[in-house]
**Student:** 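If you scroll down you'll find the structure; I have some questions about it.
In what follows, residues are counted from 1 in the order of the sequence shown.
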Amino acid sequence: MLGSKLARQIALHDDECQVMFASRLAKANGYCDLDEFCWMTNVPVSRLQTMDEETADLLATWSGVTAGRFQRFALTGRNLTTFGDATVRRSQLEMAGLRVCRHCLLNDLGTGQGRTVTRPYARATWRWRVIGTCPEHGCDLEAIPACDLTAWIARRGDALAANLPEVRKPEPVDVYFAGRVIGGAKTSEFLDELPAYVAAEFCTVIGHINEFAQTTGVRSRVPDGFKNTSCRREGYRIAREGRASILSFLSTHVSTVVEDVSDFTDVYGAARRWLRKFVTDADYRAVVELFQHHAEQHIPMAVGDVFLTEVKERLVHTIQSAAVEYQITPARVKSVAEKQGFTTTNPDGSVRASRVFPRGALHEYLVLESQLLTTTEAANTLGCSWHFLDILLTQEHLPYHLNSEECARVYRRIKRASVDNLIAWLTLRKEQMSNDGLVSIPKATAICHCKTPEIISLIFTGTLKRVSWSGTELQLRNLLVDPVEVLQHVALEGPGAFMDVAALEKALRTTTATVEELIKLQFLQVQMRPHPRTRVHQRFVHPLDVEGFVSKHVSLSAMARENGRQIASLKKALDKEGIKPIFEPTGKIARFYRRSDVRRLGLA
């Protein structure tokens with residue numbers, strides 16, 4: 001028998017496993033079952049599974065079928081094996097039992113040839129557990145407690161038609177993967193590039209990401225692993241449309257969950273956990289590159305970070321990382337992001353800046369923003385107080401511009417280059433200069449009886465020639481000046497050049513209230529000038545103006561004093577002559593008359 005052809009021949013179907021073909025061949029030739037056939041021929045089932053060359057030649061001799069046809073579904077390799085036109089994991093193949101579609105078996109009984117019991121045959125696709133339903137009838141594949149289909153039909157053939165499952169529209173995912181095994185036409189631009197087992201795992205992961213992002217957020221583990229048929233079915237619905245559909249789905253997913261995750265890589269939790277151990281595996285290269293490329297474009301990662309492979313260029317920023325790169329405050333980064341429309345909505349309906357944004361989209365805006373300093377940043381850079389900086393801006397030693405008038409809050413921005421130029425100008429002036437005889441600005445104001453703005457003006461207009469600073473680093477708060485030089489430029493005219501209110505009281509021999517009234521009514525012309533000692537700006541009147549006023553006016557009290565008369569009787573005489581004061585006083589304010597009016601009475 002070992003070298004002879006068996007009496008009864010049967011046809012080998014293109015989608016039939018060689019083991020189940022041997023089962024049918026044995027039954028057709030009178031053997032009780034496959035086990036008896038293997039025992040009689042001394043060919044164990046394991047050799048039928050792997051189908052080495054010797055076993056294939058024997059089975060070809062017995063059956064009349066070409067030996068090469070038995071290699072189609074032979075198991076090769078320890079972990080991966082070719083299976084028809086596909087590459088699958090051996091662990092995904094049903095080895096201990098059988099899964100069948102009874103509708104297919106009944107069709108075989110009615111349309112096949114030869115003995116009735118040998119007509120039904122097990123499809124190879126039923127062995128791959130990735131396929132959960134019949135690609136033709138759409139019903140679930142049923143597990144049967146047997147490894148020998150023909151023997152099982154011989155015993156249970158009458159029960160095949162009992163309680164048949166409902167025929168449904170075939171699941172596209174099972175039709176696709178069945179086609180990968182038996183050599184169907186290519187239907188998916190991206191999945192067809194992958195080994196069949198990788199494509200199945202990819203669909204499961206994509207389906208898991210979609211399913212749990214909609215319900216419970218991000219989970220790094222797929223429930224039931226790659227046996228999860230519902231995830232695989234949903235993932236195939238997305239992936240079958242090709243790369244563009246996959247990327248669009250992932251982008252939508254990232255935008256949905258990125259605002260809520262604590263670790264941004266968790267956005268791709270299940271996919272990253274799956275692929276980390278296959279980074280160098282050529283079968284997974286296309287999937288690794290897809291997720292790596294998408295992650296780099298959608299979650300913030302710095303150069304040198306590892307998602308699946310090392311990141312070569314930062315493409316996405318957080319508010320904080322952008323603040324570090326462009327050396328501006330997070331608040332200013334947020335402001336730029338909000339102005340350019342990178343916002344998200346809070347649960348209460350308010351709008352805030354997004355946690356992440358594409359680096360390229362805001363790069364130019366952030367570069368422009370980084371070239372401008374806030375008053376606080378400029379003060380820190382210059383090493384001075386905000387008050388000192390305000391004096392520089394007010395005196396126009398440091399150019400600035402205001403923000404848009406549309407903004408609710410108006411603030412000043414200073415170009416970084418202007419600050420650098422100011423520092424360079426001061427540094428150049430200090431070269432080869434000794435600090436001997438120089439004092440700080442506060443000490444100079446005390447020595448010279450002047451104010452800080454005056455000295456700042458003298459420094460930054462270049463009036464002072466000796467300007468330096470203490471310490472090794474230029475800080476405006478540490479500027480030093482020569483008080484002798486300062487005195488030459490801040491000394492006022494002689495002390496008698498102008499008269500303050502107290503001096504006016506003495507000159508006019510009147511009260512403070514009267515002086516205030518004369519100033520108010522503009523009989524005395526006031527100038528605002530710094531006091532020679534305190535340097536505080538206050539009211540002064542030039543002596544010539546006072547002299548002019550006295551030459552034209554005289555007070556009632558002065559006339560009474562000079563003429564030896566009582567004030568009351570003198571006022572009565574003036575009123576009787578119809579002579580009126582220059583203004584009608586109230587309270588303790590003195591009366592002043594024009595000398596031209598009282599001269600005819602001999603009083604002036």
Side-chain angles (χ1 to χ4, degrees), residues 6 8 10-52 55-56 58-59 62-63 65 69-78 81-84 86 88-109 112 114-135 139-160 162 165 178 181-182 227:
L6 293 176
R8 293 187 177 87
I10 59 173
L12 173 64
H13 299 277
D14 290 337
D15 60 344
E16 182 179 13
C17 288
Q18 67 278 6
V19 177
M20 291 301 100
F21 170 76
S23 170
R24 292 196 301 120
L25 181 65
K27 198 67 176 177
N29 285 278
Y31 290 92
C32 178
D33 53 29
L34 181 60
D35 288 341
E36 184 182 37
F37 176 78
C38 291
W39 180 76
M40 292 288 293
T41 58
N42 198 30
V43 178
V45 174
S46 60
R47 286 180 60 187
L48 293 177
Q49 296 279 16
T50 57
M51 196 54 65
D52 56 60
T55 304
L58 284 173
L59 194 56
W62 298 332
S63 65
V65 177
R69 294 187 64 190
F70 295 126
Q71 299 295 333
R72 181 167 171 74
F73 296 103
L75 304 185
T76 58
R78 297 187 60 181
T81 180
T82 55
F83 192 67
V88 303
R89 292 191 183 278
R90 287 189 64 160
S91 60
Q92 294 174 342
L93 295 175
E94 189 67 65
M95 305 292 289
L98 289 172
R99 295 183 308 148
V100 301
C101 169
R102 286 191 284 146
H103 288 285
C104 290
L105 298 178
L106 286 173
N107 287 347
D108 294 341
L109 285 172
R115 295 179 59 189
T116 302
V117 73
T118 62
R119 292 176 186 175
Y121 71 97
R123 278 66 169 170
T125 55
W126 296 348
R127 293 189 63 189
W128 193 19
R129 287 196 290 266
V130 163
I131 300 171
T133 63
C134 175
C139 56
D140 292 336
L141 295 178
E142 301 176 64
I144 60 174
C147 295
D148 186 341
L149 177 63
T150 307
W152 182 77
I153 291 175
R155 296 192 304 270
R156 302 285 304 277
D158 294 341
L160 275 179
V181 172
I182 63 178
K227 297 178 183 178

**Student:** Could you state the interatomic distance from CZ (Arg72) to OG1 (Thr82), rounded to the nearest 0.5 Å?
**Tutor:** 10.0 Å

**Student:** Using only atom types and a distance under 3.5 Å, with no angle test, would you say the side chain of Asp15 pairs donor to acceptor with the backbone of Ala124?
**Tutor:**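 No.
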
**Student:** Could you state the interatomic distance from OH (Tyr31) to CH2 (Trp39), rounded to the nearest 0.5 Å?
**Tutor:**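 CH2 of Trp39 is found 10.5 Å from OH of Tyr31.
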
**Student:** Step by step, would you call Phe37 with Asn29 a side chain to side chain contact (heavy atoms under 4.5 Å, CB included)?
**Tutor:** CA-CA 10 Å; Phe37 176 78; Asn29 285 278; over 6 Å; no

**Student:** Using only atom types and a distance under 3.5 Å, with no angle test, would you say the side chain of Arg127 pairs donor to acceptor with the backbone of Leu93?
**Tutor:**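 No: the side chain of Arg127 does not pair with the backbone of Leu93.
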
**Student:** Within the distance-only criterion (no hydrogens, no angle test), does the side chain of Gln18 pair as donor or acceptor with the backbone N or O of Gln49 below 3.5 angstrom?
**Tutor:** yes

**Student:** Is Thr50 reaching over with its side chain to a backbone N or O of Ser46, donor-acceptor style, under 3.5 angstrom?
**Tutor:**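 Yes, the answer is positive, given that a donor and an acceptor are paired below the 3.5 Å cut-off.
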
**Student:** Report, as yes or no, whether the 6.0 Å neighbourhood of atom CG on Asp52 holds more than 12 heavy atoms from other residues, nucleotides or ligands.
**Tutor:**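 Yes, enclosed.
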
**Student:** Should Leu149 and Val100 be marked as a side chain to side chain contact (heavy atoms under 4.5 Å, CB included) after you check the CA-CA gap, both sets of side-chain angles, and the distance that decides it?
**Tutor:** CA-CA 9 Å; Leu149 177 63; Val100 301; 4.0 Å; yes

**Student:** Side chains of Leu59 and Leu25, heavy atoms from C-beta outward: is any pair under 4.5 Å?
**Tutor:** yes

**Student:** Should Trp152 and Leu98 count as side-chain neighbours, where that means a heavy-atom distance under 4.5 Å?
**Tutor:**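 They are not in contact (no side-chain heavy atoms under 4.5 Å apart), so the answer is no.
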
**Student:** If the test is side-chain contact (heavy atoms from CB on, under 4.5 Å), which one of Arg119, Glu16, Arg115 qualifies with Arg24?
**Tutor:** Glu16

**Student:** With distance as the sole test, does Glu94 use its side chain to make a donor-acceptor pair with the main-chain N or O of Arg129 at under 3.5 Å?
**Tutor:**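 Absent.
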
**Student:** Specify whether Phe70 and Phe21 have parallel, tilted or perpendicular ring planes, treating 30° as the upper limit for parallel and 60° as the lower limit for perpendicular.
**Tutor:** tilted

**Student:** Using modelled atom types only, decide if a donor and an acceptor are shared between the side chain of Thr81 and the backbone of Thr76 within a distance under 3.5 Å.
**Tutor:**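 Side chain of Thr81 to backbone of Thr76, a donor-acceptor pair under 3.5 Å: yes, one is there.
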
**Student:** Just how far is it from atom CG of Asn107 to atom SG of Cys101, taken to the nearest 0.5 Å?
**Tutor:**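 Asn107 CG to Cys101 SG: 8.0 Å, rounded to 0.5 Å.
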
**Student:** Considering non-hydrogen atoms only, spot the tightest contact between Val65 and Ile10 and give its length.
**Tutor:**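 Closest pair (atom of Val65, atom of Ile10, distance): CG2-O, 4.5 Å.
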
**Student:** Give a yes or no on whether the backbone of Cys32 and the side-chain of Lys27 come within a donor-acceptor separation of less than 3.5 Å.
**Tutor:** yes

**Student:** If every non-hydrogen atom of Arg69 is compared with every non-hydrogen atom of Leu12, which pair is closest and at what distance?
**Tutor:**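 Heavy atoms of Arg69 and Leu12 come nearest at NH2-O, 2.7 Å.
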
**Student:** Is a side-chain donor or acceptor of Asp33 paired with a backbone partner of Ala151 at a separation under 3.5 angstrom?
**Tutor:** no

**Student:** Work out which heavy atom in Pro165 is nearest to a heavy atom in Arg102; give both atom names and the distance.
**Tutor:** CD-NH2, 3.6 Å

**Student:** Taking all non-hydrogen atoms of both residues, which atom of Cys38 and which atom of Val45 are closest, and how far apart?
**Tutor:** SG-CG2, 3.8 Å

**Student:** Given side chains that start at C-beta, do those of Cys139 and His103 come closer than 4.5 Å, heavy atoms only?
**Tutor:** yes

**Student:** Going by an N to O cut-off under 4.0 Å, is there a salt bridge joining Asp108 and Arg123?
**Tutor:** yes

**Student:** Determine the minimum heavy-atom distance between Leu105 and Tyr121, stating which atoms define it.
**Tutor:** CD2-O, 3.8 Å

**Student:** When rounded to the nearest 0.5 angstrom, what distance separates CG in Leu34 from OG1 in Thr150?
**Tutor:** 8.5 Å

**Student:** Side-chain contact test, heavy atoms from C-beta onward, threshold under 4.5 Å: evaluate it for Asp148 versus Asp35 and give yes or no.
**Tutor:** no

**Student:** Any chance you could measure Thr125, atom OG1, to Leu141, atom CG, to the nearest 0.5 Å?
**Tutor:**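 Thr125 OG1 to Leu141 CG: 7.5 Å, rounded to 0.5 Å.
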
**Student:** Mind running side chain to side chain contact (heavy atoms under 4.5 Å, CB included) on Asp14 and Ile182 for me, showing each step along the way?
**Tutor:** CA-CA 8 Å; Asp14 290 337; Ile182 63 178; over 6 Å; no

**Student:** For Phe83 and Leu75, what are the C-alpha separation, side-chain angles and deciding distance, and is it a side chain to side chain contact (heavy atoms under 4.5 Å, CB included)?
**Tutor:** CA-CA 7 Å; Phe83 192 67; Leu75 304 185; 4.3 Å; yes

